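Working notes, beginning with the structure itself.
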Amino acid sequence: MRIRVVAVGTRMPSWVSDGVYEYHKRLPRDFTVDWLEIPPAKRSGEQPEALKAKEAAAITRQLKADNRLVALDVAGEIISTEKLASRFQQWQMEPQPLTIIIGGPDGLSDGLLSQADQCWSLGRITLPHPLVRVILAEQLYRAWSINANHPYHRA
């Protein structure tokens, strides 16, 4: 399976890069996750909707028409690890690549959310965007471990 994560934000703290890399290196070659960072819109007094629109345009330029698109959003479907693993198992049987998008500090634009095939939430709490990357990396690894019957997931 090939997954691409498009995330708004650059120059992450080292603990974020280290955390994402830790789970990335554990994945097998046939379950690849590529991370692409999009610079955030300059915060110069503009309204959040205008900033989200600028970031959405930058994200959209990186999307491929044939990809399945999943947006992470606090208002999305709360997805369990087991459900994530089940969806990945199903999607591995299909040729369509997967792109997961993480918005900036103001979230994702309504237009981009409406383009998504699915919208997931990691919970109803507000998480800092750097932490979302680490949590997502871990959950991708955990979902793989469930499907591979690897002992990492012990639920």
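Just so it is clear, the structure is predicted and the values come from calculations on it, not from any experiment.
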Single-linkage hydrophobic cluster [X]~[Y], side-chain heavy atoms < 4.5 angstrom:
{"X": "Ile101", "Y": "Ile135", "result": "no"}
{"X": "Leu140", "Y": "Leu98", "result": "yes"}
{"X": "Ile59", "Y": "Trp120", "result": "no"}
{"X": "Met93", "Y": "Phe88", "result": "no"}
{"X": "Trp91", "Y": "Ile79", "result": "yes"}

Audit row: Trp35, Glu37, side-chain hydrogen bond (donor to acceptor under 3.5 Å, both in side chains) steps and yes/no: CA-CA 7 Å; Trp35 294 79; Glu37 293 182 336; over 6 Å; no
Those residues that, when tested against His150, pass ring-ring contact (aromatic ring centres under 6.0 Å, His included) (two or more places apart): Trp144
Checking the side chain of [X] only, and the main-chain atoms of [Y] only, is there a donor and an acceptor separated by less than 3.5 Å?
{"X": "Ser114", "Y": "Gly111", "value": "yes"}
{"X": "Ser121", "Y": "Ile78", "value": "no"}
{"X": "Asp117", "Y": "Val70", "value": "no"}
{"X": "Asn67", "Y": "Leu69", "value": "no"}

Tell me whether [X] at atom [atom1] has more than 12 heavy atoms from other residues, nucleotides or ligands lying less than 6.0 Å away.
{"X": "His129", "atom1": "NE2", "answer": "yes"}
{"X": "Glu94", "atom1": "CD", "answer": "yes"}
{"X": "Arg2", "atom1": "CZ", "answer": "no"}
{"X": "Arg124", "atom1": "CZ", "answer": "yes"}

Check: Arg142/Thr81 side-chain N/O donor and acceptor closer than 3.5 Å: no
Criterion side-chain hydrogen bond (donor to acceptor under 3.5 Å, both in side chains) on Arg87 and Gln118, from CA distance to verdict: CA-CA 11 Å; Arg87 291 207 179 143; Gln118 295 187 17; 2.7 Å; yes
Aromatic ring pairing Tyr23/Tyr152, orientation class (parallel under 30°, perpendicular over 60°, tilted between): perpendicular
Side-chain touch [X]/[Y], heavy atoms, less than 4.5 angstrom:
{"X": "Val5", "Y": "Asp34", "result": "no"}
{"X": "Leu36", "Y": "Gln62", "result": "yes"}
{"X": "Leu112", "Y": "Leu63", "result": "yes"}
{"X": "Arg68", "Y": "Thr99", "result": "no"}

Heavy-atom pair of closest approach, residues [X] and [Y]:
{"X": "Ala41", "Y": "Arg43", "result": "O-NH1, 2.7 Å"}
{"X": "Ser109", "Y": "Ala56", "result": "OG-CB, 3.3 Å"}
{"X": "Gly103", "Y": "Leu108", "result": "CA-CD2, 3.3 Å"}
{"X": "Ala71", "Y": "Leu113", "result": "CB-CD2, 3.8 Å"}
{"X": "Pro130", "Y": "Val16", "result": "CB-CG2, 3.4 Å"}
{"X": "Val20", "Y": "Ala137", "result": "CA-CB, 4.0 Å"}

Once rounded to the nearest 0.5 Å, what's the spacing between atom [atom1] of [X] and atom [atom2] of [Y]?
{"X": "Ser17", "Y": "His24", "atom1": "OG", "atom2": "NE2", "answer": "12.5 Å"}
{"X": "Leu127", "Y": "Arg133", "atom1": "CG", "atom2": "CZ", "answer": "13.5 Å"}
{"X": "Ser86", "Y": "Ile146", "atom1": "OG", "atom2": "CD1", "answer": "10.0 Å"}

Step-by-step side chain to side chain contact (heavy atoms under 4.5 Å, CB included) determination, Leu72 to Leu136: CA-CA 10 Å; Leu72 294 185; Leu136 178 60; 4.1 Å; yes
Candidate pair Lys54 and Asp106, rule salt bridge (charged side-chain N to carboxylate O under 4.0 Å, His left out), full reasoning: CA-CA 11 Å; Lys54 287 180 182 180; Asp106 298 304; over 6 Å; no
Verdict with supporting geometry, Phe31 and Gln92, side chain to side chain contact (heavy atoms under 4.5 Å, CB included): CA-CA 9 Å; Phe31 195 102; Gln92 280 181 309; 3.9 Å; yes
Worked verdict on Leu27 versus Thr32 for side chain to side chain contact (heavy atoms under 4.5 Å, CB included): CA-CA 7 Å; Leu27 289 169; Thr32 60; over 6 Å; no
Side chain to side chain contact (heavy atoms under 4.5 Å, CB included) evaluation trace for Glu138 with Glu22: CA-CA 9 Å; Glu138 191 278 340; Glu22 178 61 34; over 6 Å; no
Electrostatic pair Lys52-Glu55, nearest N-O below 4.0 angstrom: no
